[in-house]
Student: 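A single structure is presented below for examination.
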Amino acid sequence: MNFVEELTWRGMIHDVMPGTEELLQKEYVSAYVGIDPTADSLHIGHLVSIMLLKHLQLAGHKPLILVGGATGLIGDPSFKSEERQLLSNEQIEHNLKAIKNQLAKLLDFDQVDNAAELLNNYDWMKDYTFLEFIRDIGKHISVNYMMAKDSVKKRMETGLSFTEFAYQLLQAYDFLYLYQHKNCRLQMGGSDQWGNITTGTELIRRVCGGEAFALTCPLITKSDGGKFGKTENGNVWLDPTKTSPYAFLQFWLNVSDEDAKKFIRIFTLKKEAEIRSLEEKHDKAPHLRILQKALAQDITIYVHSEADYQSACDASEILFGKGTKESLATLSEAMFLSIFEGVPRYPIARDLIQNGVACVDLLSEQSGIFTSKGEVRRLIKEGGLMLNKEKINEDVTINTDYLINHRYILVQKGKKNYFVIVIQ
RNA sequence: GGGGGGAUACCAGAGCGGUCAAAUGGGGCAGACUGUAAAUCUGUUGGCGAAGCCUUCGGAGGUUCGAAUCCUCCUCCCCCCA
C-alpha cells in the first residue's frame with residue numbers, strides 16, 4: 001500500500017494535488033510540514049502533522065520538519081479573526097529547543113537513510129534583506145493572487161496588517177527554498193494551510209519552472225462539535241510536566257465512540273484489519289470501550305513510554321476502579337505519589353491537622369482548594385465531595401486519623417477531579 | 001454637526017422606587033442513570049452564616065425613610081439624519 005492509499009483509508013486526506021501519488025511512487029522525495037513555535041511544547045493538535053510525516057517515513061521518503069523561527073515572528077493570519085501576538089526572539093529560541101526534544105522521540109532522526117530532519121526557517125530568512133526579498137520573490141506573485149485566498153478574504157473586513165498579509169509569501173518562499181536545497185517536492189499540513197501551500201507551489205513554478213505538490217489533512221473535529229484537543233484545563237500537551245501522562249491517557253479514554261473510530265486511524269499505526277476487528281469487538285460490547293483503551297494505550301506509549309502508560313493505568317484503576325479507603329491505605333508512599341503525580345498538591349501545616357480542623361475550613365481558606373466555604377458546603381450536601389474516597393459530613397473535624405502515609409489527604413470533587421493535601 | 005437608544009452577575013437578557021442577591025435561557029459545577037460515554041432528569045451557580053448580615057446592577061455625586069430602578073455630571077458602545 002502506498003503512502004497516499006494509506007492516508008486515504010485512514011481518512012487523513014482532505015485535499016491532494018493531482019500527481020502527488022505518482023511522484024511518490026516513482027521517486028524518493030522529501031516532504032515537509034511546518035510547525036509554529038508558539039509554545040515550548042507540542043500539543044496533540046500537532047500530532048496529526050507528525051503522523052503524516054511518520055507515514056511518509058515508513059513509506060521510505062524523507063520527512064522534514066520546518067520550525068517557523070522566522071514565520072513564527074510574524075504569525076499566520078489564516079482563519080484567525082485577530083492579529084496575533086508577536087513572540088520575542090528569545091522565546092522562540094527556547095520553544096524551538098523544547099520542540100526538537102519532543103520530536104526526537106516521535107520520528108526517526110538517525111540510523112536510517114531517510115532520517116527525519118529538523119529545520120528552522122530563521123536560518124535562511126535572517127540575512128535575507130527586505131529589498132532583496134521583494135525584488136526576488138515578491139516580483140513573482142501578484143497581490144491579486146494573494147488576496148484571492150480564503151484565509152486573506154476572511155480578514156478583509158476586519159483588516160489585517162501588511163505583516164500578516166506577507167506571511168503567505170514567506171511560507172511560499174520556505175517551500176521554494178526547501179525545493180531548491182533539500183529536494184523537497186511536497187508540503188503537507190492541515191486543510192487551513194491549503195492556500196499557503198499552493199502559493200508555494202505556484203512560486204516554485206514561476207521561479208524555476210519546477211513542479212511541487214500539496215497534501216492536506218482534514219482539521220480534526222469532534223462529533224459533538226467541540227474543539228479537538230481541548231479539555232477544561234486547556235490544551236493537551238505532549239510535555240509531561242504540562243499534561244501528566246495520567247491526564248494524557250485520560251483524554252484519550254474519554255473520547256466518544258464515534259471519535260474513537262476516527263482517531264484510532266489517525267493517531268495509531270495499527271493496520272486496517274486490526275482496527276476493523278477492534279471495532280467489531282467494540283460494537284458487540286460498547287461498555288468495555290475497547291477502542292478507547294486501544295487508542296489510549298497506543299498513543300500514550302508512543303508519546304510517553306510503556307512505564308508511563310502502566311503507572312497511568314494503575315492510577316486510573318485506583319481512581320475509577322474499585323478504589324476504596326482501604327486500598328488507598330495500603331499504598332506505599334512511592335506508589336501513592338506516582339499515581340497522583342499530575343494531581344495538584346496543596347501544602348498545609350502539620351500543626352493544623354494535629355490540632356484538628358473543621359473540614360470546611362481546611363478545604364477552603366486553609367488549603368485554597370476551593371475559593372469559598374459555601375462551595376464546599378454545597379458540594380458536601382450534593383454528595384459531590386469525598387475525602388480519601390469517602391463521603392464526609394459538613395461538620396467533621398479533620399485530624400491525623402485522616403492522613404494516608406502520615407502525610408496525605410486525597411480530596412475528590414465529583415468523579416474526576418482530584419486534589420492532594422500534603423502536610424508540610 | 002443634529003437626533004435617538006444602551007451599559008445588569010461567566011455570557012445573553014428581563015427588571016424601571018420597596019416584595020431584588022436580582023426573572024429566564026445558555027454555560028459552569030455537582031447528583032441520579034450509564035460505559036470515567038451520549039442523551040435525559042434533578043439540584044446548584046456573590047461572600048460569611050442558624051436567623052440574619054455584608055459587598056454587588058458602567059463611574060462619581062445627588063433626591064428619598066428606602067434606588068438596579070428617579071435626577072446631574074463623566075466614560076464607553078450602538079443606531080438614524082447631515
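These numbers were taken from a predicted model, which means no experiment stands behind them. The figures that follow rest on heavy atoms only: side chains count, while hydrogens, waters and symmetry mates do not.
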Student: Please state how far atom CD1 in A:Ile380 lies from atom P in B:rG31, giving the value in whole angstrom units.
Tutor: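 Atom CD1 in A:Ile380 sits about 13 Å away from atom P in B:rG31.
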
Student: Between B:rG28 atom P and A:Glu375 atom CD, what is the distance in whole Å?
Tutor: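 Result: 16 Å.
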
Student: Take atom C1' in B:rA9 and the same atom in B:rG28, then report the distance between them in whole Å.
Tutor: 13 Å

Student: Taking the C1' atom in each of B:rA23 and B:rU75, what is the distance between them to the nearest angstrom?
Tutor: 30 Å

Student: Starting at NE2 of A:His287 and ending at P of B:rU36, how long is that distance when rounded to a whole Å?
Tutor: 10 Å

Student: Between B:rU45 atom P and A:Phe370 atom CZ, what is the distance in whole Å?
Tutor: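 In whole Å, B:rU45 P and A:Phe370 CZ are 16 Å from each other.
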
Student: More 5' along RNA chain B: A:Lys413 or A:Gln250, using each one's nearest nucleotide?
Tutor: A:Lys413

Student: Can you tell which of B:rG35, B:rG43, B:rU45 lies closest to the side chain of A:Pro286?
Tutor: B:rG35

Student: Think A:Asn417 has a side-chain N or O under 4.0 angstrom from the OP1 or OP2 of B:rA30?
Tutor: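 Result: yes.
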
Student: Grab the CD-P distance between A:Glu317 and B:rG35 for me, whole Å please.
Tutor: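 For the pair A:Glu317 CD and B:rG35 P, the rounded distance is 16 Å.
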
Student: Tell me whether A:Lys281 contacts the main-chain N or O of A:Leu291 through its side chain, where contact means a donor paired with an acceptor under 3.5 Å.
Tutor: no

Student: Starting at CZ of A:Arg377 and ending at P of B:rU44, how long is that distance when rounded to a whole Å?
Tutor: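 After rounding, the reported distance stands at 17 Å.
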
Student: Between B:rG18 and B:rU69, how many Å separate the two P atoms, rounded to a whole number?
Tutor: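 Between the two P atoms, the distance is 11 Å.
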
Student: Which one is paired to B:rA23, where only Watson-Crick or G-U wobble pairs with both distances under 3.5 angstrom count?
Tutor: none

Student: Below 6.0 angstrom between ring centroids: does that apply to A:Phe248 and A:Trp237?
Tutor: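 Distance test on ring centres: not under 6.0 Å, no.
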
Student: When both hydrogen-bonding distances must be under 3.5 Å and the geometry is Watson-Crick or G-U wobble, what is B:rC76 paired with, if anything?
Tutor: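 With both distances under 3.5 Å, B:rC76 matches B:rG6.
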
Student: Quick one, which residues of residues 290-306 of chain A touch RNA chain B with a heavy atom under 4.0 Å?
Tutor: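 Nucleic-acid contacts, sorted: A:Gln292.
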
Student: Just call it for A:Arg289: base, sugar-phosphate, or nothing, with non-hydrogen atoms closer than 4.0 Å on any strand.
Tutor: base

Student: C1' atom, B:rU24 versus B:rA14: distance in rounded Å?
Tutor: 7 Å

Student: Under 4.0 Å, heavy atoms only, any strand: does A:Leu379 hit a base, just the sugar-phosphate, or nothing?
Tutor: sugar-phosphate

Student: When the P atoms of B:rA30 and B:rA37 are compared, how many Å lie between them, rounded to an integer?
Tutor: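 Here B:rA37 and B:rA30 have their P atoms 11 Å from each other.
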
Student: Counting only side-chain nitrogens and oxygens, does A:Lys373 get under 4.0 Å of the OP1 or OP2 atom of B:rG46?
Tutor: no

Student: State yes or no: are the ring centers of A:Phe340 and A:Tyr246 separated by less than 6.0 Å?
Tutor: no

Student: In terms of side-chain heavy atoms of A:Glu382, which of B:rU36, B:rA37, B:rA30 is nearest?
Tutor: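 Side chain of A:Glu382 sits closest to B:rA30.
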
Student: Expressed in whole Å, how much space separates the P atoms belonging to B:rA60 and B:rA68?
Tutor: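 Comparing P positions in B:rA60 and B:rA68 gives a spacing of 13 Å.
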
Student: If you only use heavy atoms from C-beta on, which nucleotide in B:rG47, B:rU34, B:rG35 is closest to the side chain of A:Ser372?
Tutor: B:rG47

Student: Using whole Å, what does the distance between atom P of nucleotide B:rA50 and atom CG of A:Asp395 come to?
Tutor: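 Between P of B:rA50 and CG of A:Asp395: 11 Å.
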
Student: Using the closest heavy atom to pick a nucleotide of RNA chain B for each, name whichever of A:Gly414 or A:Leu249 lands nearer the 5' end.
Tutor: A:Gly414

Student: Give me the distance, rounded to whole Å, that separates B:rU19 from B:rG25 when you measure between the P atoms they each carry.
Tutor: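 Rounded to whole Å, the distance is 23 Å.
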
Student: Check whether the ring centres of A:Phe3 and A:His55 lie less than 6.0 Å apart, and answer yes or no.
Tutor: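 Centroid separation for A:Phe3 and A:His55: 6.0 Å or greater.
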
Student: Look through every strand shown and name the nucleotide pairing with B:rG1 as Watson-Crick or G-U wobble, where both distances are under 3.5 Å.
Tutor: B:rC81

Student: Within the side chain of A:Asn120, is there an N or O that forms a donor-acceptor pair under 3.5 Å with the backbone of A:Tyr122?
Tutor: yes

Student: With a non-hydrogen cut-off below 4.0 angstrom, is A:Lys381 in contact with a base, only sugar-phosphate, or nothing?
Tutor: nothing

Student: Return the pairing partner of B:rC33 with a 3.5 Å limit on both distances, Watson-Crick or G-U wobble; otherwise return none.
Tutor: none

Student: Using a cut-off of 6.0 Å, state whether more than 12 heavy atoms not belonging to A:Lys100 lie near its atom NZ.
Tutor: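 12 or below, so no.
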
Student: Using the P atom as the point on both nucleotides, what is the distance between B:rC70 and B:rG6, in whole Å?
Tutor: 10 Å

Student: Keeping the roles fixed (side chain from A:Asn196, backbone from A:Gln168), state whether a donor-acceptor pair exists under 3.5 Å.
Tutor: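 Flag not set: sc A:Asn196 to bb A:Gln168 has no pair under 3.5 Å.
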
Student: Report yes or no: does A:Thr198 contribute a side-chain atom to a donor-acceptor pair with the main-chain N or O of A:Gly195 at less than 3.5 Å?
Tutor: yes

Student: B:rU44 pairs with which nucleotide, Watson-Crick or G-U wobble, both distances below 3.5 Å?
Tutor: B:rG28

Student: What's the CG-P distance between A:Leu253 and B:rU34, to the nearest Å?
Tutor: 21 Å

Student: If a pair satisfies side chain to side chain donor-acceptor pair (under 3.5 Å) and one of its residues is in residues 342-363 of chain A, list it, with sequence neighbours excluded.
Tutor: A:Asp361-A:Lys373

Student: Picking from A:Ile99, A:Leu103, A:Leu106, A:Ile50, what satisfies side-chain contact (heavy atoms from CB on, under 4.5 Å) with A:Leu238?
Tutor: A:Leu106

Student: Considering only B:rG43, B:rU36, B:rG35, which nucleotide approaches the side chain of A:Phe320 most closely?
Tutor: B:rU36

